[in-house]
Q: 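Have a look at this one.
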There are 2 protein chains.
Amino acid sequence: MAKRTRALHRKTAKIADVAELAGVSVATVSRTLARPEVVTEETRTRVLAAVRDTGYTPNISARNLRVRKTMVVLVAVPDIANPFFAEVLQGIDDTLSTAGYGLIIANLAGSPEKEARYVDLVCAGQADGVLLLCGHVMRSPDRDLREARVPLVAACEYIPRESFPQVTIDNVGTAREAVQHLIELGHTSIAYLSGPKSNILEQQRLEGYRQALREAAIAADAGLILPGDFTFRTGVEAGRALLALEPLARPTALFAANDEMAIGLIKTVHAAGLQIPDDLSVVGFDGIAYADYCEPTLTTIVQPRRDLGATAAAELIALMTTDKLGLRKDITLPARLMLRDSTRPPPKSRGHSRSRTRSG
Amino acid sequence: MAKRTRALHRKTAKIADVAELAGVSVATVSRTLARPEVVTEETRTRVLAAVRDTGYTPNISARNLRVRKTMVVLVAVPDIANPFFAEVLQGIDDTLSTAGYGLIIANLAGSPEKEARYVDLVCAGQADGVLLLCGHVMRSPDRDLREARVPLVAACEYIPRESFPQVTIDNVGTAREAVQHLIELGHTSIAYLSGPKSNILEQQRLEGYRQALREAAIAADAGLILPGDFTFRTGVEAGRALLALEPLARPTALFAANDEMAIGLIKTVHAAGLQIPDDLSVVGFDGIAYADYCEPTLTTIVQPRRDLGATAAAELIALMTTDKLGLRKDITLPARLMLRDSTRPPPKSRGHSRSRTRSG
DNA sequence: CAAACTGGTGTAATCGATTACATTTATATC
DNA sequence: GATATAAATGTAATCGATTACACCAGTTTG
């Protein structure tokens, strides 16, 4: 038992050991490390030598307890395996870790228990701030993240009616732009492959799709809205649904609410003999790395993924250090339509190519 | 200043507040929360009511300081944006978070400064254990992770000559199997698309490739070993290198050290008119999700990614809780060859199909 | 030469929980 | 009814750092 305790609680030098070795008080050691300029040249060298000799590293729990900080931020991610979020995370990690913050990644994975655990963590003061990449404020059965009164910033998915800063792109506008591109190519029968109805991003992208059609005076056809949930699998299903249609009833173009579904759909209809983009033009959304790897490469809205993360992180740091908890400042980052190989004018026999001049 | 301090250090109930409200001592409150069965039914309800009324949550820094634990483990990942590691991470997250551990993800991204920062973090006792997904033990200029005397487990990439547990697959054996598959289809001119030479996984997979050739008495041709570094980009470059060869000098099959490069290569040679698998069979390694999304779907070695993570995490938990620091236990998980659409016998005009009977 | 500073250092309180040990109260035993 | 035993609770030390305040020596200033 004694033996076990000794091994588990391996001994590390503490500040008192350093003080003793250097022949100074603990206060002086602490000061030397925090603000070297306030101590004498001579004590400084003595203390630093003692630090090296003892291999001292401050105990962070003790420091946190004393200064009431953790230097950790929690990032809530709907799903780490999603390549889009993985890249946003890189941006977050870049800024946060150079600013000296640690990162706890809360992989929600649609599990309310996990969500609750993380809310408790934050409420317990385990984090100095929270970055929300999910479309709602986190809750546990009896707590709400906002009760933690911890700095909060949301990114990627806009959360309506909240008072904390949010960093997003203009989803409605860019979705509209994507569909306008198809319209300019001459398409008039344009399908939409949607995300889960309850998702805010989905609602905004759908709205953009509708606006573009309305502006071009193209009648909206509810039959052209295919259900999906942002996963590759539902892209495949939507592809099958498309194939099941009468060839002449098929749309000549499709706008997908994200890239993964677009790629799933392309793969499916291509395997059945449809040529992309000859028989069907496809535009995606997100700009994940694979959109440029697939065959054909995908025309898509590329979001500034790293930048979204980096900006949100910077905003959070500002919030944590300046204590302007109430100040709301939404930031909209630019996203652009990237023209690649999956779009072209509709086949001559169909559609009414209006602006052939443009060739991107 | 006073105002600012008040807001930053927002007040949360502490154990003394709960004790006062419930009319008991702090020890009783602590016990009620830790081991409810040791207090009276009556005090328990009084205390729990007080906890709810005050909204009390224990301060974790204080607890950690006292019990010398952090309930956090650090996971060192070469690159979070790599889909392979993202899936391993999911497995890790699953087991670790249900066991009540938090997760700090150290995204090394090839940066020695980051690596050093994280080593210091661990040495400072900020983590109870470390999971290494990279192929080397982490170091800072003056420290080495092993000095932290913290439980350590490695996964995915085997680190030779170390005494901590490692969870991997049989890279040599499965690589050999992948190449044997090509040989059984009748290929005799088989290229290898390599990873970075210094990488252990690369060395093992190359060894498997060599073994398979040797067993089949196929002479190794150094010109058939193409350089790569595990990225999509080098797959594209290797594809160009292949296209630059005299058509008759081209290999009829290729084994890539990972899927991303295989996909890059396929895309490139396909765009130049080569048919996959008719003109070139390709086998990958890893089994990332996109290996099943690309066109054609990729025959590959699928690693049990989630399971690798989960197993390593479980091993680490065992280490952290039982204190058997010395006990080395390597675990090899099964990986299997997944036959898909990117392989078939070589064109009749070339190669010498030896075993046409097998058709997978 | 005394008073007023100033720069460097030490003493001790503090952060908020856990827990060994002491103490009280209730129950069983002879 | 006295004593041993068990059960429940309280008191206070402890974890390891930070920092307000006290103190002292040396320098300036009038």
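Note on naming: letters A, B, ... go to the chains in the order of the sequence lines (proteins, then strands), and numbering restarts at 1 for each one.
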Q: Run through A/Leu108, A/Val75, A/Leu308 and flag the one making a side-chain contact (heavy atoms from CB on, under 4.5 Å) with A/Leu133.
A: A/Val75
Q: Scan for side-chain hydrogen bond (donor to acceptor under 3.5 Å, both in side chains) pairs involving residues 48-59 of chain A, sequence neighbours excluded, and state none if there are none.
A: none
Q: With sequence neighbours left out, write down each residue that passes salt bridge (Lys or Arg N to Asp or Glu O under 4.0 Å) with A/Arg63, or none if nothing qualifies.
A: none
Q: Scan for side-chain hydrogen bond (donor to acceptor under 3.5 Å, both in side chains) pairs involving residues 15-26 of chain A, sequence neighbours excluded, and state none if there are none.
A: A/Ser25-A/Thr28
Q: Reading DNA chain C from 5' to 3', where do the contacts with chain A start and stop? Cut-off is 4.0 Å to heavy atoms.
A: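 Both ends considered, the range comes out as C/dG8 to C/dG16.
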Q: Quick test: give all pairs of protein nitrogen or oxygen and nucleotides 5-9 of chain D nitrogen or oxygen below 3.5 Å, distance rounded to 0.1 Å.
A:
| unit_1 | atom_1 | unit_2 | atom_2 | d |
| --- | --- | --- | --- | --- |
| D/dA8 | O3' | B/Thr40 | OG1 | 2.8 |
| D/dT9 | OP1 | B/Thr40 | OG1 | 2.8 |
| D/dT9 | OP1 | B/Thr43 | OG1 | 3.0 |
| D/dT9 | OP2 | B/Thr40 | N | 3.2 |
| D/dT9 | OP2 | B/Thr40 | OG1 | 3.3 |
| D/dT9 | OP2 | B/Thr43 | OG1 | 3.3 |

Q: Could you work out, with side-chain hydrogen bond (donor to acceptor under 3.5 Å, both in side chains) as the rule, every residue matching A/Ser61, not counting sequence neighbours?
A: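 By the side-chain hydrogen bond (donor to acceptor under 3.5 Å, both in side chains) rule, A/Ser61 matches no residue at all.
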Q: Is A/Glu42 paired with A/Arg46 through a side-chain N to carboxylate O contact shorter than 4.0 Å?
A: yes
Q: Write down the atom of A/Ile105, the atom of A/Tyr118, and the distance for their closest heavy-atom approach.
A: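 Answer, listing the atom of A/Ile105 first, then A/Tyr118: O-OH, 3.7 Å.
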